[in-house]
K.L.:
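First, the structure itself, so that you have it in front of you.
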Amino acid sequence: MTATVPNPLDASAEFAARMDAADPLRAVREEFEFPRGADGAPLTYLCGNSLGLLPREARRLVQEEFDDWSRLAVEGHLHARRPWVDYHEQFRELGARLVGARPGEVVMMNSLTVNLHLLMVSFWRPEGRRTKVLMERGAFPSDTYAVKTHVRARGLDPAREVIEVGPRAGEALIREDDLLDAIREAGESLALVMVGGVNYATGQAFDIARITAAAHAVGAVAGWDLAHWAGNLPARLHEWDVDFACWCSYKYLNAGPGAVAGAFVHERHGRRTDLPRFAGWWGNDPATRFAMGPEFTARVGADGWQCSNPPIMALAPLLASLRIFDRVGMDALHAKSRAVTGYLRSLIAAWGPEGCRVVTPDAPGAHGAQLSIAFERDARARHAELGRRGIVCDFREPNIVRLAPVPLYSGWQDARAAAAALCGR
Ligand SMILES: *Cc1c(COP(=O)(O)O)cnc(C)c1O
């Protein structure tokens with residue numbers, strides 16, 4: 001049974017404690033290490049949308065790699081507990097299940113912005129009249145830099161080629177219909193739609209299947225930045241017919257600062273070993289990789305976009321974390337996430353803090369764990385006050401505080417503590 005927010009709302013501390021005690025995922029919290037306050041008590045951590053907590057198991061898996069390196073040195077490539085030569089294969093099924101892909105459609109490699117560039121090389125193929133890229137205005141800056149410099153690097157002018165769709169004047173959110181209209185309007189001039197699945201600042205989630213279908217209807221490719229989606233919302237990337245996607249692994253995926261990122265390439269493209277790409281030896285067919293010949297033969301699937309041999313020390317924490325996701329399941333996590341984030345929203349509404357409002361949309365499917373709260377004034381001071389009360393959360397320019405009760409390790413009492421601090425109770 002999925003827990004839901006009671007109507008009318010029960011804002012008592014007893015209620016929150018009771019809900020945590022009854023939470024079937026409560027034990028998972030023990031698998032993570034929490035930062036602690038001056039009194040030694042764990043802080044209320046609502047910042048997993050920025051940097052996820054350390055899974056205890058990551059220490060063990062990294063230590064095992066140190067041990068194997070010490071014990072085996074070069075032999076570890078073939079004889080480590082998890083042989084390094086095909087370490088990335090550990091993610092073949094795990095990674096696919098995480099985002100609703102088929103095995104072979106997902107690979108863990110590089111970092112997010114790098115993957116975005118690598119995938120744009122293959123999937124933004126300006127030709128004749130069809131040259132433009134459509135993205136959201138107010139995207140995470142790295143995405144905007146990537147797209148615009150990529151366009152320039154190919155000898156084209158970003159001012160002509162990049163269409164940015166933003167919120168209407170006086171509004172905070174992008175209307176999905178405006179995105180769809182802009183796609184239709186761009187029509188056959190449109191080569192690529194590249195949008196963030198969940199906006200980092202507002203927490204707004206888009207209907208990936210619907211926007212992807214609209215891109216396809218005008219003959220464009222649809223690529224997604226899922227930095228704030230992966231590990232936050234369930235995905236069905238294969239079924240939604242997404243062409244490509246990429247995401248980082250240090251936010252909801254808890255794989256550590258600067259962790260190895262993920263990439264998805266739909267099977268129908270993965271099969272096309274002739275697709276242009278920036279290649280390296282690790283994307284070569286393993287059958288001939290070590291023949292060391294001068295001809296590149298792409299490996300079928302997302303693996304064919306790898307350039308270098310995988311960074312084992314950096315992948316071990318990702319493996320520890322994804323095993324937890326795989327065991328718990330995105331659907332169970334999302335059910336809890338909706339309940340707890342809904343509860344946080346209800347408390348904020350009931351306690352009505354002055355001079356602030358929740359910007360994140362409320363509709364099911366239009367948000368994940370994060371609520372973005374916009375302050376009319378003194379946003380930084382309010383954020384500092386939350387910090388003084390032991391709530392770890394972050395601030396985004398110009399006036400947004402983001403609170404993310406991540407369902408793996410946050411619960412009802414955490415949400416209540418944050419709402420109380422926010423509302424000056
Ligand atoms: C977090 C985030 C990034 C960060 O990029 P890195 O290459 O991982 O440093 C980029 N884009 C989006 C949408 C993000 O949320």
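Counting begins at 1 with the first residue of the sequence. Just so you know, ligand 1 is whichever comes first in the structure, and atom 1 is the first atom listed for that ligand.
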K.L.:
Is a side-chain N or O of Arg402 found less than 3.5 angstrom from the main chain of Gly203, in a donor-acceptor match?
P.N.:
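No; judged by distance alone, with no hydrogens or angles, the pair does not exist.
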K.L.:
Between Asp20 (side chain only) and Trp412 (backbone N and O only), is there a donor and an acceptor less than 3.5 Å apart?
P.N.:
yes
K.L.:
Measure from every N or O atom of ligand 1 to the protein's N or O atoms and keep only the pairs below 3.5 Å, writing each with atom names and distance to 0.1 Å.
P.N.:
from	atom 1	to	atom 2	distance (Å)
ligand 1	5 (O)	Thr113	OG1	3.3
ligand 1	7 (O)	Thr113	N	2.9
ligand 1	7 (O)	Thr113	OG1	2.6
ligand 1	8 (O)	Tyr250	OH	2.6
ligand 1	11 (N)	Asp143	OD1	2.6
ligand 1	11 (N)	Asp225	OD2	3.3
ligand 1	15 (O)	His228	NE2	3.2
ligand 1	15 (O)	Lys251	NZ	2.5

K.L.:
Determine whether the aromatic ring centres of Tyr200 and Phe140 lie less than 6.0 Å apart.
P.N.:
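Tyr200 vs Phe140: aromatic centres under 6.0 Å.
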K.L.:
Step through it carefully: locate the ring centre of His269, locate the ring centre of Phe244, and say whether they are under 6.0 Å apart.
P.N.:
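No: the rings miss the under 6.0 Å criterion.
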K.L.:
State whether the number of non-hydrogen atoms from other residues, nucleotides or ligands found under 6.0 Å of Trp69 atom CH2 is greater than 12.
P.N.:
no
K.L.:
Could you tell me if Thr212 and Trp224 have a donor-acceptor pair between their side chains, going purely by distance under 3.5 Å?
P.N.:
yes
